[in-house]
Amino acid sequence: MQASAAAPRELSGGGIIAALKAGGIEYVLALPDIVTSAGLLAPIARDGAFRLIRVCKEDECIGIACGLSYADRRALTLIQYTGFLDSINAIRGVAVEYKQPICMMIGLLGHDPQKAPRASPRYGVRIIEPILDDMGIAHHLISVDADIAKIQPAIERAYRESQPVALLVGRRPKAS
Amino acid sequence: MMKRDECFRLLARHLGDEAVVATYSSAVDWVEVAPRALNYLSIGAMGLDSSHGLGLALGRPDRRVIVLQGDGSLLMNLGSLVTIAAAAPKNLLHFVAQNDTYEANGRQPIPNPKLDFASMARAAGYAAVYDFSDLRIFEQQVGHVLEQVGPVFATLHVAPTKELKYDYPSLYDPQKRKAFKAQWQPR
């Protein structure tokens, strides 16, 4: 058996949280998503290093993150892909047209991590990357532990260049 | 019935280094009354003004933030009342100019012109809630309102105004965002 085939295909919530801290994230703006609820949102809620703002609708996050950025405060918008789709106009106006550093972590509900999101049998998942491409928003798939290394540089770039970024969570992170 | 620009003139008498978030018709009236670098006019999508205001208030708890929102905008983001109340920024003052009209979008009526936004804010959990429909009383109390610990909410019942000129390229000028940031960033 090849080593790569035997390697565990897991995603550490703790590893993601460490990367968010390394990226200077202070505020997490969230509406619960079943993909990230147990492995990310729950431990973030218990972590005194973050200020968690629970919102009623995902597009609120875009305005809140923008307002925070004017005081050089970094925020992560933690939502499900359905909430991303619901927030497209806010992301269009604030993140893209006004070139604001909006960092989104988006759970791909129903995604099969063995497949690329574009090949997902689920329509809602399949259209996410093409929409991001059309909007000119940088995006990264976070599906296995090795992908966690993409997070901090993506956040740093978003704030350095004042532009949005989407981090697509392709499987349920483990809480530990 | 009060006029929005008259209310804003009274409010402007009390301003110092606050950020003022104003959009659409409120922004047109506000920039005429109080043109200043600390006006935050670019919200990107209707309804987000209250959310931008929350972000500004959280980012600079040492400075006050005043949101001048229209009733149509708040209706697009009613959940923000709950989010703001839960986040409880002591430095956020949230005014809603209620004229029962989508004024910037053809002066069409909002779905229900009998809404009681102050009661909604109270139920959501704002620390202090006011409702003004008399300019003389607003003049007497506006200073007191601005001194309250937030989040504070106040409805201003206003009549639709004269036809406004919406100069969006000027309101949304990127240079205005830069000027705002230069004065809002912590030093």
Side-chain angles (χ1 to χ4, degrees), chain A residues 24-32 45 50-79 83-104 135 137 159-164, chain B residues 19 21 23 37-38 40-63 65 67 69 73-74 76-89 91-92 124-125 168 171-187:
Chain A
I25 296 294
E26 297 175 80
Y27 289 82
V28 176
L29 319 171
L31 201 146
F50 297 109
R51 171 91 190 263
L52 173 62
I53 305 294
R54 299 185 189 272
V55 301
C56 301
K57 202 155 174 291
E58 291 87 347
D59 59 352
E60 292 178 59
C61 302
I62 311 305
I64 298 169
C66 184
L68 282 164
S69 75
Y70 279 91
D72 295 329
R73 300 294 190 189
R74 294 188 178 188
L76 178 78
T77 291
L78 182 61
I79 56 177
F84 165 77
L85 293 172
D86 200 49
S87 304
I88 287 288
N89 188 48
I91 295 165
R92 181 276 311 163
V94 175
V96 179
E97 293 195 340
Y98 293 162
K99 300 181 175 64
Q100 297 298 316
I102 306 298
C103 296
M104 298 169 282
M135 295 180 76
I137 297 175
Y159 279 92
R160 185 177 62 249
E161 299 183 9
S162 198
Q163 63 181 26
Chain B
V21 180
T23 58
L38 281 167
Y40 184 101
L41 309 174
S42 299
I43 61 144
M46 187 171 174
L48 282 190
D49 14 14
S50 46
S51 298
H52 284 269
L54 174 57
L56 291 170
L58 292 171
R60 288 297 308 263
D62 57 320
R63 301 274 289 272
V65 177
V67 175
Q69 192 167 32
S73 277
L74 179 55
M76 286 191 172
N77 196 2
L78 268 180
S80 68
L81 291 177
V82 177
T83 305
I84 288 169
N91 55 334
L92 181 63
Y168 290 124
L171 290 175
Y172 303 157
D173 182 352
Q175 294 306 317
K176 287 195 165 93
R177 295 198 287 276
K178 285 185 181 176
F180 176 87
K181 187 163 189 174
Q183 296 213 6
W184 191 249
Q185 275 179 312
R187 304 198 189 283

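Letters go in sequence order (proteins before strands), and every chain restarts at 1.
Between chain B and the residues A:Cys66, A:Ala75, A:Gly67, the largest count of heavy-atom pairs under 4.5 Å involves A:Gly67. The greatest number of non-hydrogen atom pairs below 4.5 Å with chain A, out of B:Ala19, B:Gly59, B:Ala86, B:Ser51, is found for B:Ser51.
Here the straight-line distance linking atom OG1 of B:Thr23 with atom CG of B:Asp49 works out to 3.5 Å at 0.5 Å rounding.
Looking at A:Gln100, only its side chain comes within 4.5 Å of chain B, counting heavy atoms on both sides. Residue B:Arg63 does not touch chain A at all, counting heavy-atom pairs closer than 4.5 Å. Within the 4.5 angstrom heavy-atom criterion, atoms from both the backbone and the side chain of B:Leu58 approach chain A.
With hydrogens and angles disregarded, no donor-acceptor distance shorter than 3.5 Å links the side chain of A:Arg92 to the backbone of A:Glu97. The backbone N or O of B:Arg60 lies less than 3.5 Å from a partner atom in the side chain of B:Asn91, making a donor-acceptor pair. For the pair B:Thr83 (side chain) and B:Ser80 (backbone), a donor-acceptor distance under 3.5 Å is absent.
Minimum interatomic distance between A:Phe84 and A:Ile79 (heavy atoms only, all atoms of both residues): N-CD1, 3.7 Å.
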Original post:
Yes or no on side-chain contact (heavy atoms from CB on, under 4.5 Å) for A:Leu68 and A:Glu26, after CA distance, side-chain angles and deciding distance?
Top reply: CA-CA 10 Å; A:Leu68 282 164; A:Glu26 297 175 80; over 6 Å; no
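Aromatic ring pairs are classed by plane angle as parallel below 30°, tilted from 30° to 60° and perpendicular above 60°; the pair B:His52 and B:Tyr40 is tilted.
Using a 4.5 Å cut-off on side-chain heavy atoms (C-beta onward), B:Val82 and A:Arg54 make no contact.
Listed by sequence position, A:Asp59, A:Glu60, A:Gly63, A:Ile64 are the residues of residues 58-65 of chain A in contact with chain B, using a 4.5 angstrom heavy-atom cutoff.
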